[in-house]
Amino acid sequence: MAAAHVLVWALCVLRLALAAVYFQEEFLDGERWRNRWVQSTNDSQFGHFRLSSGKFYGHKEKDKGLQTTQNGRFYAISARFKPFSNKGKTLVIQYTVKHEQKMDCGGGYIKVFPADVDQKSLNGKSQYYIMFGPDICGFDIKQVHVILHFKNQYHSNKKPIRCKVDGFTHLYTLILRPDLSYEVKIDGQAIESGSIEYDWHLTSLKKMEKSSAESEDREQGRDDKLQDWEKHFLDAGASKPSDWNSELDGDWQAPMLQKPPYQDGLKPEGIEKDVWLHQKMKNTNYLTEYDLSEFENIGAIGLELWQVRSGTIFDNFLITDDEEYAENFGKATWGETKGPEREMDDIQAKEELKRAREEDEEELLMAKFDGNENVFKRFHRRNEL
């Protein structure tokens with residue numbers, strides 16, 4: 001039994017060792033993060049980030065992340081890493097976000113960029129591969145964006161995915177698999193999943209690719225159909241007569257068992273529908289051959305967003321090809337501090353409530369004292385008269 005446990009443990013360690021971690025950022029080295037992250041200078045009015053764990057946290061150092069600091073600003077910052085392609089591999093994107101200012105309107109999403117993105121000029125028009133994360137504005141917009149760049153267009157998930165709207169830290173995970181399945185998790189729990197081909201707004205692309213595929217298959221079908229149909233009625237058991245002279249009589253062809261139901265260029269009856277159905281079935285992958293979830297030159301991750309009220313903290317960034325590694329990383333970071341964070345917030349809330357009551361009691365006491373003093377003054381004046 002002990003040997004079996006050791007074997008399982010060894011296999012888990014080996015799997016984690018084989019996981020490809022393309023990017024991982026926890027901001028555990030103080031201000032050195034500025035050597036890895038580049039603030040865009042495209043606009044002098046862009047807001048600035050600072051390293052902070054916020055007003056309440058689970059661990060003062062581990063919970064430090066990039067915090068927006070200025071109200072009513074656009075933000076643009078990014079970090080580069082060694083370029084890679086996720087072709088044929090699972091892609092997992094994960095991070096934590098905390099709207100401790102109780103977000104009223106603003107983004108909390110991240111973007112994954114091509115390796116050739118200009119970090120210094122990063123802005124809302126910079127091309128990205130993936131946009132993922134929460135977006136909140138008023139009562140109407142409280143959603144998780146999952147936008148993919150495909151064939152020079154951006155395509156969003158058509159399923160409504162609701163985001164968290166409280167002031168605590170939450171773990172967001174996006175998984176894109178080679179079989180075109182996907183999964184969105186919040187705090188380690190799957191909240192949406194399905195097929196990229198069916199759950200994204202790809203109608204125009206499907207029509208375009210389907211039309212092209214159908215046209216090619218129709219032409220090919222027309223070229224082959226007549227010959228295939230006629231061969232179906234040739235007498236396979238017949239043999240060329242001994243007195244057949246190919247030079248005089250031409251090439252010998254087996255006689256027909258039954259005359260085809262068409263002549264002189266007319267279409268064979270009853271076959272068009274069946275042949276076309278067969279051709280359509282051959283092309284069910286007319287869209288997937290373009291690899292909707294594959295990106296050739298991933299090389300940067302960043303924040304490009306707008307916030308009315310600042311204070312959001314971004315932390316624990318991860319890009320990997322291993323779902324288990326991402327799950328364990330989430331447990332080791334957000335999983336360890338989520339409980340203490342809520343406890344600290346609860347303690348602060350109780351302290352604030354206590355202070356508010358004490359202030360109210362003090363005001364009432366002062367008002368009572370002022371009232372008694374006024375009564376005493378009026379009584380004193382009456383005696384003097």
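For the residue pair N157 and Y182, a side-chain donor N or O sits within less than 3.5 Å of a side-chain acceptor on the partner. A donor atom on one side chain and an acceptor atom on the other are found under 3.5 Å apart for E341 and T169. A donor-acceptor pair shorter than 3.5 Å can be found between the side chains of S310 and N71. Counting only N and O atoms by type, the side chains of D179 and S181 include a donor and acceptor under 3.5 Å apart. In summary, the side chains of E26 and T333 do not present any donor paired with an acceptor at a separation below 3.5 Å, with no hydrogens or angles considered.
In this structure, the side chain of E294 does not engage the main chain of N86 through any donor-acceptor pair within 3.5 Å. Not one N or O on the side chain of E192 forms a donor-acceptor pair closer than 3.5 Å with the backbone of V184. For E61 (side chain) and G30 (main-chain N/O), no donor-acceptor pair under 3.5 Å exists by modelled atom type. Judged by distance alone, with hydrogens and angles left aside, the side-chain atoms of R73 form a donor-acceptor pair with the main-chain N or O of Q45 at under 3.5 Å. The main-chain N or O of H170 is never found under 3.5 Å from a side-chain atom of D187 such that the two would form a donor-acceptor pair. Looking only at distances, a side-chain donor or acceptor of Q94 sits under 3.5 Å from a matching main-chain atom of A326. N316 contributes no side-chain N or O that, together with a main-chain N or O of T96, makes up a donor-acceptor pair within less than 3.5 Å.
To the nearest 0.5 angstrom, W33 atom CH2 is 4.5 Å from I77 atom CD1. Interatomic distance, Q101 CD to K55 NZ, rounded to the nearest 0.5 Å: 9.0 Å. Going from atom CG of L305 over to atom CD1 of I110 covers 11.0 Å, rounded to the nearest 0.5 Å. A distance of 11.0 Å separates NE2 of H155 from CD1 of I147, quoted to the nearest 0.5 Å. Rounded to the nearest 0.5 Å, atoms OG1 (T173) and CD1 (I191) are 10.0 Å apart. In this structure, the separation between OG on S40 and CG on N123 is 6.5 Å, given to the nearest 0.5 Å.
Side chains of L180 and S293 form a contact here, defined as non-hydrogen atoms less than 4.5 Å apart. Side chains of H99 and R309 form no contact here, defined as non-hydrogen atoms less than 4.5 Å apart. Using a 4.5 Å cut-off on side-chain heavy atoms (C-beta onward), V146 and D199 make no contact. Contact check for E323 versus E327: no side-chain heavy atoms found under the 4.5 Å cut-off. You'll find the side chain of Q70 reaches within 4.5 Å of the side chain of Y75, heavy atoms only. Contact annotation: the side chain of L171 never approaches that of K338 to less than 4.5 Å [non-hydrogen atoms, C-beta and beyond]. Using a 4.5 Å heavy-atom cutoff, the side chains of T320 and F329 are not in contact. Between Y172 and W334, every side-chain heavy-atom pair lies at or beyond the 4.5 Å cut-off.
Classification of the Y154-Y128 ring pair by plane angle, with boundaries at 30° and 60°, yields parallel.
Put simply, the residue from L303, N42, V117 that forms a side chain to side chain contact (heavy atoms under 4.5 Å, CB included) with L122 is V117. When each of Q307, R50, H48 is checked for a side chain to side chain donor-acceptor pair (under 3.5 Å) with T68, only Q307 meets the rule. Among F113, F23, Y22, the single residue meeting the ring-ring contact (aromatic ring centres under 6.0 Å, His included) criterion with F81 is F23.
With respect to the salt-bridge test (charged N to carboxylate O, under 4.0 angstrom), the residues E25 and R36 qualify.
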| Derivation and outcome, salt bridge (charged side-chain N to carboxylate O under 4.0 Å, His left out), residues D346 and K350 | CA-CA 6 Å; D346 186 53; K350 290 179 179 178; 3.4 Å; yes

| said: Would E304 and M131 count as a side chain to side chain contact (heavy atoms under 4.5 Å, CB included) here? Give the steps. | reply: CA-CA 10 Å; E304 190 285 308; M131 175 174 152; over 6 Å; no

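Counting heavy-atom neighbours within 6.0 Å of Q189 CD, excluding the residue itself, gives a total of 12 or less. Surrounding NZ of K64 are more than 12 heavy atoms belonging to other residues, nucleotides or ligands, all under 6.0 Å away. Around NZ of K164, the count of heavy atoms belonging to other residues, nucleotides or ligands within 6.0 Å does not exceed 12. For K89, the NZ atom counts as loosely surrounded, since its 6.0 Å shell holds 12 or fewer non-hydrogen atoms of other residues, nucleotides or ligands.
Figure legend: cation-pi geometry between K98 and F56, with NZ or CZ positioned under 6.0 Å from the six-membered ring centre and within 45° of its axis.
No continuous path of ILVMFWY side-chain contacts below 4.5 Å connects F150 to I175, so the two sit in separate hydrophobic clusters. Hydrophobic clustering keeps F132 apart from M103 (ILVMFWY residues linked when any side-chain heavy atoms are closer than 4.5 Å, directly or through intermediates). Linking Ile, Leu, Val, Met, Phe, Trp and Tyr whenever their side-chain heavy atoms come within less than 4.5 Å leaves I301 and V92 in two separate clusters.
Taking the six-membered ring for Trp and the full ring otherwise, F317 and W37 have centroids separated by under 6.0 Å.
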